[in-house]
2 protein chains.
Amino acid sequence: MELTPIMQRYILHWGEMGARWGTSRSVAQIHALLYLAPQPLHAEEIAETLEIARSNVSVSLKELQNWELVQVTHVLGDRRDHFTALKDNWSLLMVLVEGRKKREIDPTLVLLRELSAEAARDTRTPAEIKARITALLSFMETLTNWFEQVKRIPKPTLVALMKLGSKVTRFIG
Amino acid sequence: MELTPIMQRYILHWGEMGARWGTSRSVAQIHALLYLAPQPLHAEEIAETLEIARSNVSVSLKELQNWELVQVTHVLGDRRDHFTALKDNWSLLMVLVEGRKKREIDPTLVLLRELSAEAARDTRTPAEIKARITALLSFMETLTNWFEQVKRIPKPTLVALMKLGSKVTRFIG
DNA sequence: CGATTATTTCAGAAGTTTCTGAAATATTAG
DNA sequence: CTAATATTTCAGAAACTTCTGAAATAATCG
């Protein structure tokens with residue numbers, strides 16, 4: 001696929017950001033390319049366009065499929081796999097946030113629950129420190145419960161709520 | 001400082017998560033230790049407790065101060081710097097989210113604004129691709145504007161709103 | 001069934017980040 | 001001012017991640 005300067009800059013930037021978002025540059029670049037591409041692309045074409053090894057494309061596409069950011073499609077008369085990215089920005093955001101929650105929040109919740117339970121039996125840890133751990137647990141649980149509820153709100157309602165901004169507070173006692 | 005098994009597990013876990021959150025293990029471990037510690041600690045004590053090099057503690061503390069997660073204090077009769085972590089969970093969350101926004105969102109907004117402007121003059125990039133870039137820009141702008149407003153809502157109101165969960169939608173349409 | 005094409009696996013090369021320890025610098029106490 | 005203590009800097013070692021390219025495996029065509 002031919003890249004115009006605008007597309008190139010977008011892809012390179014997304015690649016750099018990928019590193020900060022916790023994926024490799026290749027993964028992020030491939031995602032950027034598929035996000036822009038109007039048609040599905042096959043692995044070979046991705047490798048050529050981005051000038052990265054074919055094997056790297058293979059592994060990176062697997063990772064993007066795990067994240068549910070990229071889907072396999074097939075094109076009539078071509079036995080190669082073709083790939084498309086999720087194009088809806090709202091879904092994209094949800095997938096990214098969900099993924100981060102799973103990787104960064106959920107394991108901590110598991111640990112904090114264990115530690116809180118253990119703290120009840122433990123006599124050596126100072127009460128103040130135990131309290132800090134249980135308070136963090138309950139804070140994180142409140143946040144994740146809120147997120148679970150918000151996730152289920154239909155997109156148009158969510159958009160309306162967002163446009164309201166800080167005006168939502170009008171409805172609070 | 002003497003670490004009980006509960007404290008150890010908390011610190012080790014926070015260290016692992018730190019990697020996923022975009023800091024080094026040492027930085028995250030030091031933060032965890034200071035977060036739990038009832039009194040301010042000096043650098044030497046941190047190095048001993050966590051068994052890491054004194055120089056590493058120095059650099060990591062600087063990073064934590066940049067993030068505004070850790071503050072310097074002084075203790076009467078002791079000329080060493082002592083350090084405390086922000087203990088309020090709500091502020092902690094805000095600092096973390098703010099930091100990520102600055103590192104991960106803001107640079108992308110800058111780029112997307114540039115590319116959108118450039119797209120207007122560019123004839124080579126397909127219209128569909130240009131549209132995707134401007135749509136992403138406006139999506140991200142809506143989100144960040146929302147966040148700027150929410151940030152200014154006082155904490156108790158925010159807590160009340162969160163407890164409301166998906167019930168906020170009652171006030172829509 | 002071979003031949004051809006497509007995809008995946010994986011060892012090690014290349015690149016990057018993190019950490020240490022020694023030396024340099026800064027600060028304070030006497 | 002000097003000695004003692006505290007802190008920072010930084011070169012290179014260690015650890016880790018990412019990427020490549022060759023070989024293995026899988027899928028489909030005629």
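Chain identifiers are assigned alphabetically (A, B, ...) following the order of the sequence lines, protein sequences preceding nucleic acid strands; residue numbering begins at 1 within each chain. The shown structure was predicted, so the numbers you read here are calculated from the model rather than taken from an experiment.
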note = By nearest-heavy-atom nucleotide on DNA chain C, the more 5' of Gly22(B) and Ser55(B) is Gly22(B)
Less than 4.0 Å between a side-chain N and a carboxylate O, is that true for [Y] and [X]?
{"X": "Asp78(A)", "Y": "Arg80(A)", "result": "yes"}
{"X": "Glu44(A)", "Y": "Arg54(A)", "result": "yes"}
{"X": "Glu148(B)", "Y": "Lys101(B)", "result": "yes"}
{"X": "Arg113(B)", "Y": "Glu118(B)", "result": "no"}

For the pair made of [atom1] in [X] and [atom2] in [N], what is the distance, rounded to whole Å?
{"X": "Leu61(A)", "N": "dT9(C)", "atom1": "CG", "atom2": "C1'", "answer": "15 Å"}
{"X": "Asp78(A)", "N": "dA27(D)", "atom1": "CG", "atom2": "P", "answer": "17 Å"}
{"X": "Asn56(B)", "N": "dT9(D)", "atom1": "CG", "atom2": "C1'", "answer": "13 Å"}
{"X": "Glu16(B)", "N": "dC16(D)", "atom1": "CD", "atom2": "P", "answer": "10 Å"}
{"X": "Leu64(B)", "N": "dT18(C)", "atom1": "CG", "atom2": "P", "answer": "13 Å"}
{"X": "Asp81(A)", "N": "dT5(C)", "atom1": "CG", "atom2": "P", "answer": "17 Å"}
{"X": "Ile52(B)", "N": "dT7(D)", "atom1": "CD1", "atom2": "C1'", "answer": "15 Å"}
{"X": "Leu50(A)", "N": "dT18(D)", "atom1": "CG", "atom2": "P", "answer": "17 Å"}

message = I want to verify a distance call: between dC19(D), dG21(C), dT8(C), whose nearest atom is closest to the Lys62(A) side chain?
response = dT8(C)
message = Side chain of Arg79(A) only, heavy atoms from C-beta on: which candidate in dT5(C), dA22(D), dT20(C) is closest?
response = dT5(C)
ask   = Is there a donor-acceptor contact under 3.5 Å linking the side chains of His42(B) and Asp81(B)?
value = no
message = Hydrogens and angles aside, do Asn145(B) and Thr142(B) bring a side-chain donor and acceptor to less than 3.5 Å of each other?
response = no
key: Any donor-acceptor pair under 3.5 Å from Lys130(B) side chain to Asp122(B) backbone   = yes
task = Test salt bridge (Lys or Arg N to Asp or Glu O under 4.0 Å) on Lys102(A) and Glu98(A) and set out the steps.
result = CA-CA 6 Å; Lys102(A) 205 157 74 194; Glu98(A) 193 79 66; over 6 Å; no
task = Check whether any side-chain N or O of Arg54(A) sits under 4.0 Å from OP1 or OP2 of dT7(C), and answer yes or no.
result = yes
Within residues 23-49 of chain A: residues closer than 4.0 Å to DNA chain D (heavy atoms) = Ser24(A), Arg25(A), Ser26(A)
key: Dot-bracket notation for DNA chain D, counting Watson-Crick and G-U pairs under 3.5 Å, with | for partners on another strand   = ||||||||||||||||||||||||||||||
key: Parallel, tilted or perpendicular, as decided by the 30° and 60° cut-offs, for the rings of Phe171(A) and Phe171(B)   = parallel
query = Looking across every strand, which nucleic acid part, if any, lies under 4.0 Å from Arg80(B) by heavy atom: base, sugar-phosphate, or nothing?
reply = sugar-phosphate
